[in-house]
2 protein chains.
Amino acid sequence: MVIRLLLADDQVLVRDALAALLDLESDLSVVATVGRGDEVVGAARAHAPDVCLLDLEMPGLDGVEATSAVRAALPGTRVLIVTTFGRPGYLRRALDAGAAGFVVKDIPAAELVEAVRRVHAGLRVVDPTLATESLLGGTSPLTERETEVLRRALEGAPVARIAASLHLSPGTVRNHLSSAIGKTGTTTRVEAARTAQDRGWL
Amino acid sequence: MVIRLLLADDQVLVRDALAALLDLESDLSVVATVGRGDEVVGAARAHAPDVCLLDLEMPGLDGVEATSAVRAALPGTRVLIVTTFGRPGYLRRALDAGAAGFVVKDIPAAELVEAVRRVHAGLRVVDPTLATESLLGGTSPLTERETEVLRRALEGAPVARIAASLHLSPGTVRNHLSSAIGKTGTTTRVEAARTAQDRGWL
DNA sequence: GGCCGGGGATGACAGCTGTCACGGGCAGGT
DNA sequence: ACCTGCCCGTGACAGCTGTCATCCCCGGCC
């Protein structure tokens with residue numbers, strides 16, 4: 001009785017390497033690998049995996065959206081997020097989307113294998129260091145508009161361009177930015193955008 | 001006659017996975033793995049690898065610095081950069097530092113294995129798509145000071161803080177920023193910093 | 001010597017930013 | 001009906017930014 005796995009990661013080499021590693025285990029078998037979030041559900045339908053290992057950063061659909069899609073299309077399939085970034089906010093959103101586990105790419109291979117087995121057994125697997133940070137970081141205090149504005153401020157765009165791209169008045173954009181700067185405890189919009197991103201609020 | 005490999009990557013899982021993948025090849029053998037740039041030379045001395053596979057982003061020393069260190073300490077050892085980011089400037093600096101090859105983590109496993117064999121055989125291996133972009137991007141037109149100032153502008157710090165951290169007058173910092181903005185064809189310092197980073201000028 | 005590029009600095013000026021006060025509209029609670 | 005929170009907008013104001021002109025010093029080069 002082997003556990004059937006689907007692997008999704010945008011970097012081909014990482015995908016191949018993880019496949020090689022997981023296939024070394026006698027009770028695991030990689031039955032499909034994809035490089036885009038929007039290919040996950042199709043591949044899952046075709047190959048009926050027990051567990052999907054998803055990266056968060058993928059073209060098409062991101063990992064969280066792909067998780068929702070898998071849970072909706074194939075409720076019996078379990079999802080384990082395997083990601084580079086340990087942003088606390090991602091953890092919360094991934095679990096909300098129905099992920100059964102969340103680990104960063106900074107764990108030894110043996111722990112990943114163990115995580116896969118636990119997830120398949122119906123247990124939740126959460127990176128312990130992130131779990132505490134998640135509670136510490138808390139939910140985003142930003143409103144929807146503030147989030148939207150901050151996201152476009154990340155690259156340093158001037159207010160005029162942000163306002164135009166959102167069809168808003170420049171004054172309104174500045175108000176949202178000012179509010180976001182206050183909530184993040186920073187002094188410029190770029191700093192606000194970066195710290196918000198670090199906390200997973202974007 | 002097997003090719004002895006040293007693997008350096010800050011993410012344990014990626015390291016383990018690549019090791020598993022490369023060990024599948026009968027003519028390759030991973031003899032050491034490290035997670036920090038400043039551990040590369042020590043491990044290389046201890047295990048005498050033929051080829052070092054280095055990530056660019058590592059704590060301690062980055063991949064380019066580690067390459068220089070390996071070339072200086074063990075001239076016979078060849079270095080292959082294996083990295084996530086295909087920034088053209090990185091390629092140039094890596095080759096200048098003495099790397100024999102440069103590939104991104106977006107290639108199939110078979111190509112990585114082939115790259116290792118070519119590097120060991122004394123050939124240069126360069127990701128072809130990056131090679132053209134590298135010539136297109138060209139050398140950085142930024143002066144040393146401009147580079148320094150831009151690097152600190154990346155996170156959105158105000159001029160006053162940049163000036164203080166470099167022991168410069170605020171006016172001078174603004175002059176450097178203005179010049180850098182002109183050279184990058186942007187309108188704000190954060191945009192200038194980001195495009196400069198994209199082109200590997202930082 | 002004369003010339004040029006880089007670094008450092010000052011002063012001035014238009015325009016952009018961040019803050020605040022204030023107004024209005026719209027949903028969700030009590 | 002009332003209050004609260006979010007959204008959108010305006011106007012004003014101090015302060016920051018980006019640009020430009022103009023200095024100075026220094027080292028390299030013809």
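Labels below follow one simple rule: chain letters A, B, ... track the order of the sequence lines, proteins then strands, and each chain is numbered from 1.
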message: Can you pull out every salt bridge (Lys or Arg N to Asp or Glu O under 4.0 Å) where at least one residue sits in residues 67-85 of chain A? Sequence neighbours excluded, please.
response: none

- request: Return each pair, listed once, that meets salt bridge (Lys or Arg N to Asp or Glu O under 4.0 Å) where at least one residue sits in residues 6-15 of chain A; pairs must be two or more places apart or across chains.
  value: A/Asp9-A/Lys105

Expected rows: protein N/O vs nucleotides 5-7 of chain D N/O, under 3.5 Å:
unit_1, atom_1, unit_2, atom_2, d
D/dC7, OP1, A/Glu144, N, 3.3
D/dC7, OP1, A/Arg145, N, 3.3
D/dC7, OP2, A/Thr143, OG1, 2.3

Under 3.5 Å, which N/O atoms of the protein pair with N/O atoms of nucleotides 14-19 of chain D?
unit_1, atom_1, unit_2, atom_2, d
D/dT17, OP1, B/Val159, N, 3.0
D/dT17, OP1, B/Arg189, NH2, 3.4
D/dT17, O5', B/Arg189, NH2, 2.9
D/dG18, OP1, B/Arg189, N, 3.3
D/dG18, OP2, B/Arg189, NE, 3.0
D/dG18, N7, B/Arg174, NH1, 3.1
D/dG18, O6, B/Arg174, NH1, 2.4
D/dT19, OP2, B/Ser178, OG, 2.9

- prompt: Just wondering, are more than 12 heavy atoms of other shown residues or ligands nearer than 6.0 Å to CZ in B/Arg36?
  reply: yes

Run the salt bridge (charged side-chain N to carboxylate O under 4.0 Å, His left out) test against [X] and tell me which residues pass, sequence neighbours left out.
X        : result
A/Asp16  : none
A/Glu25  : A/Arg117
B/Arg161 : A/Glu191

- prompt: In whole angstrom, what separates A/His167's NE2 from D/dC8's P?
  reply: 12 Å

Side chains of residues 153-160 of chain A: which donor-acceptor pairs under 3.5 Å do they make with residues two or more places apart or in other chains?
none

Can you give each donor-acceptor pair under 3.5 Å made by side-chain atoms of residues 41-55 of chain B, sequence neighbours left out, with the distance rounded to 0.1 Å?
unit_1, atom_1, unit_2, atom_2, d
B/His47, ND1, B/Ala43, O, 3.1
B/Asp50, OD2, B/Arg4, N, 2.7

